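Quick note: numbers below take in every heavy atom, side chains included, and nothing from hydrogens, waters or symmetry partners. In this text the structure is predicted, and so the values were computed from the model without any measurement.
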Amino acid sequence: MSVTFKDAQNGDTEAFAEIYSEIYTKLYYLAYHSLANVQEAVNAVKAAARDAYSEIRNCRSVGEFNGLILKKLCEQIIFRYREYRKTPPQYETDPPYIKAQMRKLTDAERFSISMWALFGFGAKEISKFSGLSETVVENKLKSAKLKLEPKL
């Protein structure tokens with residue numbers, strides 16, 4: 001049986017899983033490179049998927065669904081960044097090289113550069129999903145590229 005977007009909108013979990021599987025890897029990498037550890041990344045992606053599943057009926061296409069789930073993940077990441085300010089996070093003890101370099105960036109730089117690298121978004125699109133102004137995103141992308149380029 002071939003599943004469709006309409007099936008997913010009607011609550012078919014198998015159809016939802018198939019649509020979700022097409023974007024899951026990028027969502028996970030965005031969370032993984034943005035957050036302190038693997039468990040927080042997994043939890044953020046799970047929460048975003050759960051929220052998107054409950055709102056998929058409001059989407060008219062897979063593209064809108066992808067935008068919705070990305071927006072939900074961005075909300076989860078930003079929520080965790082706010083929590084980091086209250087209580088320092090527990091970082092992985094031996095992160096891979098790229099993640100170690102990403103940790104040297106500010107939260108906004110890390111988030112912006114991850115969205116740029118994974119989704120190919122420009123400042124305007126990142127601004128739309130993150131709530132940061134387009135000018136701030138442009139500046140964060142420039143500074144992150146300057147910091148990372150010599151090390152990668």
Do Lys140 and Trp116 form a cation-pi contact, if we require the NZ or CZ to be under 6.0 Å from the six-membered ring centre and within 45 degrees of the ring's axis?
no

Restricting to non-hydrogen atoms, name the atom on Cys59 and the atom on Leu68 that form the minimum distance, rounded to 0.1 Å.
SG-CD2, 3.7 Å

Please answer: with hydrophobic residues joined when any side-chain heavy atoms are less than 4.5 Å apart, are Tyr24 and Val38 in the same cluster?
yes

Have Tyr84 and Glu40 got a donor and an acceptor in their side chains that come within less than 3.5 Å?
yes

Would you kindly confirm whether Leu118 and Val45 end up in one hydrophobic cluster when ILVMFWY residues are joined by side chain heavy atoms under 4.5 Å apart?
yes

Donor-acceptor contact below 3.5 Å, side chain Glu109 vs main chain Thr106:
yes

Report yes or no: do Tyr97 and Leu35 belong to one cluster of Ile/Leu/Val/Met/Phe/Trp/Tyr joined by side chain heavy-atom distances under 4.5 Å?
yes

Below 4.0 angstrom, N of the basic side chain to O of the carboxylate: do Glu92 and Arg103 qualify?
yes

Donor-acceptor contact below 3.5 Å, side chain Ser130 vs main chain Ile126
yes

Looking at Ala31, is its backbone amide N or carbonyl O close enough to the side chain of Ser34 to form a donor-acceptor pair, meaning the two atoms are under 3.5 Å apart?
no

When clusters are formed by joining ILVMFWY residues with side-chain heavy atoms under 4.5 Å apart, either directly or through shared neighbours, do Ile23 and Val62 land in the same one?
yes

How many angstroms lie between CD1 in Ile19 and CD in Gln9, if you round to the nearest 0.5 Å?
8.0 Å

Does one hydrophobic cluster hold both Tyr81 and Leu73, with members joined at side-chain heavy-atom distances below 4.5 Å?
yes

So how far is it from Gln76 CD to Leu27 CG, rounded to the nearest 0.5 Å?
12.0 Å

Please tell me if the side chains of Val137 and Phe121 come closer than 4.5 Å, counting only heavy atoms from C-beta onward.
no

On a heavy-atom basis, the closest approach of Ile113 and Leu105 is CG2-CD1, 4.0 Å

Tyr28 to Val42 - nearest heavy-atom pair and separation
CE1-CG2, 3.9 Å

Would you say Asn10's side chain and Lys6's backbone share a donor-acceptor pair under 3.5 angstrom?
yes

Quick check: do Lys72 and Glu55 have side-chain heavy atoms less than 4.5 Å from each other?
yes

Could you measure the distance from the OG atom of Ser112 to the CG atom of Leu141? Nearest 0.5 Å is fine.
5.0 Å

Any side-chain donor paired with an acceptor under 3.5 Å for Asp7 and Thr4?
yes

Point-to-point distance, once rounded to the nearest 0.5 Å, from CG of Asn66 to CD of Glu22:
7.5 Å

Could you report the tightest heavy-atom contact between His33 and Arg110, atom names first, then the distance?
O-CD, 2.8 Å

All ring pair (Phe, Tyr, Trp, His ring centres under 6.0 Å) counterparts of Phe16, not counting sequence neighbours
Tyr20, Tyr53, Phe65

Given side chains that start at C-beta, do those of Ile78 and Asp107 come closer than 4.5 Å, heavy atoms only?
no

Are Lys128 and Glu134 ion-paired here, with the side-chain N under 4.0 Å from a carboxylate O?
no

Should we count OH of Tyr91 as having more than 12 external heavy atoms under 6.0 Å?
yes

Tell me the closest heavy-atom pair linking Ser127 and Leu132, and the distance in Å.
OG-O, 2.5 Å

Is there a side-chain contact between Ser133 and Glu138 (heavy atoms, below 4.5 Å)?
no

Atom CD in Glu64, atom CD1 in Ile69: separation rounded to 0.5 Å?
14.0 Å

Charged N to carboxylate O below 4.0 Å: is that the case for Glu83 and Arg80?
no

Give the minimum heavy-atom separation between Ser114 and Met102, together with the two atoms involved.
OG-CE, 3.2 Å

For Phe129 together with Phe119, are the ring centres under 6.0 Å from each other?
no

Under 30°, 30 to 60°, or over 60°: which ring-plane class applies to Tyr29 and Tyr32, parallel, tilted or perpendicular?
perpendicular

Taking the side chain from Asn37 and the backbone from Gln90, do they hold a donor-acceptor pair closer than 3.5 Å?
yes

